[in-house]
Structure formats: structure tokens, C-alpha cells
Amino acid sequence: MERPKEEKEYSFNDSKKINRRLLLGSVAASAVIALVKTTTGQLVPAAVPKHVSVPPDPTKVQGPPPGALGTRSPFEQLAKKTSDTSSRTPLQSLYGVITPSDLHFERHHGGVPVIDPTAYKLVIHGMVKRPMTFTLNDLKRFPSASRIAFLECSGNFRSGKEEMTPQEICGLTSQSEWTGVMLSTLFREVGASPKATWFLAEGSDAAVMTRSIPMSKGWNDAMIAYGQNGEALRPQQGYPARLFLPGWEGNTNVKWIRRIEVSDQPFMTREETSKYTENIKDGKIRQFSFDMDARSIITFPAYPVQLDKGWVEIKGLAWSGRGKILTVEVSVDAGKKWYSATLQEPVLDKAHTRFRFLWKWNGHETEIMSRAIDETGYTQPTLQQLTDARGNDMGGYHLNPITAWAIKRDGRVLFKPEKWK
Amino acid sequence: MLLLLLTVVFIVSCKDKQEDEMIVYNKHAAKRQHADSVINVKIITEMPPTFDIGRKATSAEINEWDIDVRADGKGLPEGSGNATEGKAIFTQKCAACHGKDGEGGAYARLVAAMGDTVKTKTIGNYWPWSTTLFDYIRRTMPYNMPGSLKDNEVYSLTAYLLYRNKIIDSSKIIDARSLPGVVMPARKYYVNDDRRGGPEVR
């Protein structure tokens, strides 16, 4: 069998070439190389970082010795996309299902507080037999649990123009392995009243963020998490401890948690009344919309990728706040026919699930899209189905429409924004 | 004397024995009895009711943080305020972000009465509970000095914003008794989430 010829150069588009030697050490696929925009709007591969000296032959010089901390390759230019209120995970640049902790999306309401872990405490009071205070060490002494689950902001939908990346459209979802003490363990410790129906979770940021959470969630699978991907939580994710509610809208997962008050009614805080509620039909406003419905997005090929004719592995993520992903279906003909994608095992409950679908692109214009189906039988809707169900005045929370990418004849991949207002 | 010594030794050894007793939690213990022949190990198959970790919370530390105000008014402090005083405080501490009279600026518009042509969600046309105003203003406003307002100032700002949104008269005194009774125009539109998974899109 003839081996493929060693290529001297990779081509990214017709006008730009890059010397292969500069790319040694990065994964040998054109799709993973960072692209940057020139002043004329042209996409070209990111140049070799200036401070990196690349030897002509790495087998002829000793490399640096072992270090105290590992570092990302300087060739990998990963970054969150920031705005005044949030920063978004570069979904299109990631492999597998775990979000590197420093790329986990951020959304906070009073900045990131600095909390001394030795001074940290969590107070649980209200309808409990024993109001108690726990230090961080106390929390770590309790039986612990770990689970891999996504966390998604319920405002995770942007649209409006063709030149949008997965990160810009839906980068407010990330996944980690979370470790902590189950809230049920703490509820038993304080003797939470069986008559209690809601609890208030309060953060120690400048917003002193509060949300009311049903006790049933607290007893079921809520966690006070102090670990993320093998280390302590990142400050941006609530260091030293946060509430983690698998499958529920990000805002309820109160970070930097300092207080839990057990009660028999919701508190009607600002974040669960004037925010994180959505207009639906007949002038109604929907409140306490906790569960994140099933969603998926193709992260490759997606804007700004320049697609080459031939075999393409379509890749993406699917997830549901209501359980496991059952199936992801992919269409390569603008939604006329749908085929099952391959899911990467293990498929976890309330977790980002990687899907893949092999397709040979013949160079014709088309649209590709994916839809997630979860174990409750829910199928990710189109935007039209959402407006049919909620009305044209529907609010911006809990929007999980099918995302379509238009493939142009010249290989450009563009987001297909849809209007509903 | 000897008897006394023996008694002491006996008591001490009993105590030691009790403290030395090892307890292990193993919910599968029944299947693994053969491994449990070690002396002085008690196996429990239910989690202990408590782990005796943590300490009793003091009233002082609870009171320091327990600043929430429920929709029924529980948690509202002593004190009172009115719209006139509220306007003065608003001008000084809030107008820079929210506009001269709450009509919006660099940050959110706060004022637009229900039925107004304004599309923005405001206290007047969207907020369902009046108590939320007090709770939120007290816990986190103003942005540059969060949590710095005195209770009377918060009552006055609450009164001013309710007045500006045409929900109360300018003369109404807002305090722990009157605030929970202020019914917000938007409350009647609020419904609980009815999404349930399954085939239906809601």
C-alpha cells in the first residue's frame, strides 16, 4: 500500500501557505490550527508566537527540564471571548467533553470575589434542627462525591449575523468534573425540616447573589462543590465552594456560597423575578424555569472554518439537563433527511456528549445541522417550533434551537441566523 | 486501696474500649461477613445520622448575613421611607447609572409604568413583588458601594421607584408593614415553568 506523500506545506486557503516545520508539535490537522483575521478580514493561520524559538530540528537540542507547572503550547491560542457581562468557552477549539478550567465560561453579577479559604464559612439555618457553620475543611471532611456534568447559562443564545462562531452563538456552556459534598449530607447534618420546600442560596460576591431552590433538588442531586477537574474550584467558578445543581440553569448554581436558609416558600429574589424569567404566550411570564432542555451544536465545520472537498468528520456537542442524550441526528441537506450520529461513550447523565458523523462533501452548497434527542423523548426544536410554542414575544432565556451552518461553494462555512422578532 | 486501684483500672479500660471501637460503614456488609472477624469492629449498614462535623451557628453570625426579605415581608427591618427623600438619594447615588429619574442611562432603565409604550422590562411593567426592590437595593446597590445604604435610605429609594412607576402615591410611607401590601401590576402574569421534557416543545 502506498503511503501518502509527506507534504512539505499545509494549505489553509489558496492565498496563504505555512511552513510545516513551524507546526511540529501541534496536531496534524488543518482544522485545529488557530486562525486569525487580517485587517482585510482574511483568515490566516496564527503566526508563530514571537517569544518562541523553534529549533530547526528538535531532536538535536535538549529541551527544557521538568517544571513545577505544565503550560499550554504557545502555538495553541485558546481564549474565552469576553464581554462586559460574560466570557464564552471556545467550543470549536476543544476536544472531548471536558472544558479546561481556565476556559470555563464566566457569568457573574458583581465580579469575582477574593475569598481566603481559611476564613471561609458556610452557614445553614432556617427550618433546621441545628443551625450550623461549616469551614472549608469541615466540608472536605464529609463523604465526598464527584460527577461530570455540564453547566450552562440559560441566556446562552446569540444570533444576528453569519460571521459567528460556536463560541459566540452558544459559548455559555462548559463541562467539568465537580467534586464536593452532597447537599443532602449537609441537610441531614443540620436536621433540615421535612416540611421545608425551598431554600435560599446566597453568594459572597458584591451582588450577594441569591436564588430560591426547591428542597427536592437539594435532597436529590445538589452538591456543594469545592473541586473542579482535579483541583480546587477556579475563583471564576466560585472558589472556594459553590452550589452545583446538575442540569439546572447556570444562575441557580450560586458561586462563592456563604449561606443557605431553609424555608417553606420561595424568596422572590431579583434573579428569579426580574431576570431569568421569560415571556411566553398570552402575555404570561414563566418563572422558575430550572431545567436546561436538550441542545446540540456542530462545532466542526463551523465559522470561520474553510472547508475542503472530500471526507469531513462533522463533530459537535449535545447535552440535556433532563438526563442522558439518547440520539443526535445530523442533516447535511438543510434538514430534509436526518441520520444518527455516533455518540462517544460513555454517555453521561446531564453531560456534554460528543457526537461525530462522517460525510463526504462534494463541493455543492448546502446546510448542515444537528438535533439532540434526550431520554425523556424531547427533540431539540427549531426556532420556529419555539416561537410557535412561546409566541413571537418570547424572551431570550432557555432558547435551544437547532443551529444550521451554511456551506458555500467556495468552502466558507457561515452561521445561518434566523429572525423571530 | 487495691480495690480502688482495680476499680479505676477497670473504669479506664472500659472507657478505652469504647473509644477504641472502630465503626465502619459498609452497606454491602451482609455479603462479606467472613471478612469481619476482626475484634472490636462494628459494622453499620446505614449512614450515621450525623457526622458531628461543623459547629453550631451563633445567632450573631446568622443575623449578620441573614439580610433576605421574603415576598411576605419576613426579614424587613425597622425604619421607613418616602418618595421625596428617595428622590434626593436617587439623584445622589443612583442617577449616574440609571438616569436622572430612573429612565435609564449606562445601566438599566428602572421606570416605565405598566401599559406604557416602553418595551424595556422595568420595575413598573415586569417586577412581580415589591419586597424584591428592598431586598435587592439593600444587598447590592449602589454599584460602586454595594451594601452601603442604610435601611431608611433603602425604604426611601423603594418608595421613590414605586412612585415613579405609578404604583404608589408620592405621600405613601413605605415600611415593614406597608411594603408587602404593595401589589405589583405584573404579578398576575407570572406562571410556573410548565416544561416537562418529553415530546412537547413548550
Side-chain angles (χ1 to χ4, degrees), chain A residues 109-110 121 123-125 130-135 138-139 141-143 185-186 188-191 200 202 206-210 258-259 261 263 265-270 273-274 277 280 283-291 293-294 320 322-323 374 376-379 381 385-386 388-390 398, chain B residues 25 47-59 61-72 74-75 108 119 121-123 126-133 135-141 143 145-147 184 186-202:
Chain A
H109 298 250
K121 60 182 187 178
V123 175
I124 305 185
H125 69 111
R130 299 170 290 277
M132 292 186 76
T133 298
F134 304 104
T135 63
D138 290 338
L139 295 179
R141 282 180 62 201
F142 281 104
T185 304
L186 299 181
R188 288 170 84 243
E189 195 72 18
V190 300
L200 183 79
E202 183 178 85
V208 205
M209 253 285 306
T210 44
R258 72 173 194 183
R259 187 170 72 94
E261 182 173 349
S263 179
Q265 53 181 274
F267 290 73
M268 302 299 176
T269 74
R270 184 251 197 180
T273 54
S274 74
T277 53
I280 52 172
K284 298 252 187 305
I285 300 164
R286 190 154 67 193
Q287 191 181 22
F288 299 125
S289 310
F290 295 125
D291 299 86
D293 278 326
S320 168
R322 297 184 191 274
D374 73 15
T376 73
Y378 177 89
T379 301
Q385 283 175 295
L386 285 169
D388 288 349
R390 301 180 190 174
H398 290 280
Chain B
Y25 165 69
M47 289 274 262
T50 66
F51 292 95
D52 298 322
I53 296 172
R55 62 169 173 81
K56 189 176 185 300
T58 65
S59 328
E61 69 186 335
I62 293 173
N63 292 340
E64 188 193 348
W65 282 357
D66 185 8
I67 55 168
D68 56 78
V69 173
R70 270 190 347 195
D72 61 2
K74 184 173 171 282
K119 287 274 184 196
K121 291 170 182 172
T122 65
I123 293 162
Y126 200 78
W127 287 45
W129 298 94
S130 55
T131 47
T132 311
L133 268 171
D135 179 276
Y136 184 68
I137 295 169
R138 180 166 69 166
R139 75 173 53 244
T140 191
M141 287 290 132
Y143 188 80
M145 284 184 74
M184 302 295 276
R187 190 195 299 178
K188 57 178 178 281
Y189 300 118
Y190 276 72
V191 294
N192 279 332
D193 183 21
D194 63 345
R195 296 170 307 135
R196 295 285 177 271
E200 193 181 348
V201 175
R202 294 187 184 185

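Excluded from the calculations below are hydrogen atoms, water molecules and symmetry mates; all remaining heavy atoms, backbone and side chain alike, are included. In what follows, chains carry the letters A, B, and so on, assigned in the order in which the sequence lines appear, proteins first and then strands, with residues in each chain numbered from 1.
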Chain B contact via [X] - side chain, backbone, both or neither, heavy atoms under 4.5 Å:
X: A:Thr277; answer: both
X: A:Arg286; answer: both
X: A:Arg390; answer: side chain

Chain A heavy atoms under 4.5 Å from [X]: which part of the residue, side chain, backbone, both or neither?
X: B:Lys121; answer: side chain
X: B:Leu133; answer: neither
X: B:Trp65; answer: both
X: B:Lys74; answer: side chain
X: B:Tyr136; answer: side chain
X: B:Met141; answer: neither

Would you say B:Phe51 has more than 12 foreign heavy atoms packed within less than 6.0 Å of its CZ?
yes
Here the pair of heavy atoms bringing B:Arg196 nearest to A:Arg322 is C-NH1, 3.6 Å
Which residues satisfy the ring pair (Phe, Tyr, Trp, His ring centres under 6.0 Å) test with A:Phe267, sequence neighbours excluded?
none
Sequence neighbours excluded, the answer for ring pair (Phe, Tyr, Trp, His ring centres under 6.0 Å) partners of A:Phe288 is A:Trp198, A:Phe290
Pair count under 4.5 Å, heavy atoms only, with chain B: among A:Pro143, A:Gly323, A:Gly110, highest is A:Pro143
Nearest 0.5 Å please: distance from the CG atom of B:Asp68 over to the CZ atom of A:Arg259.
4.5 Å
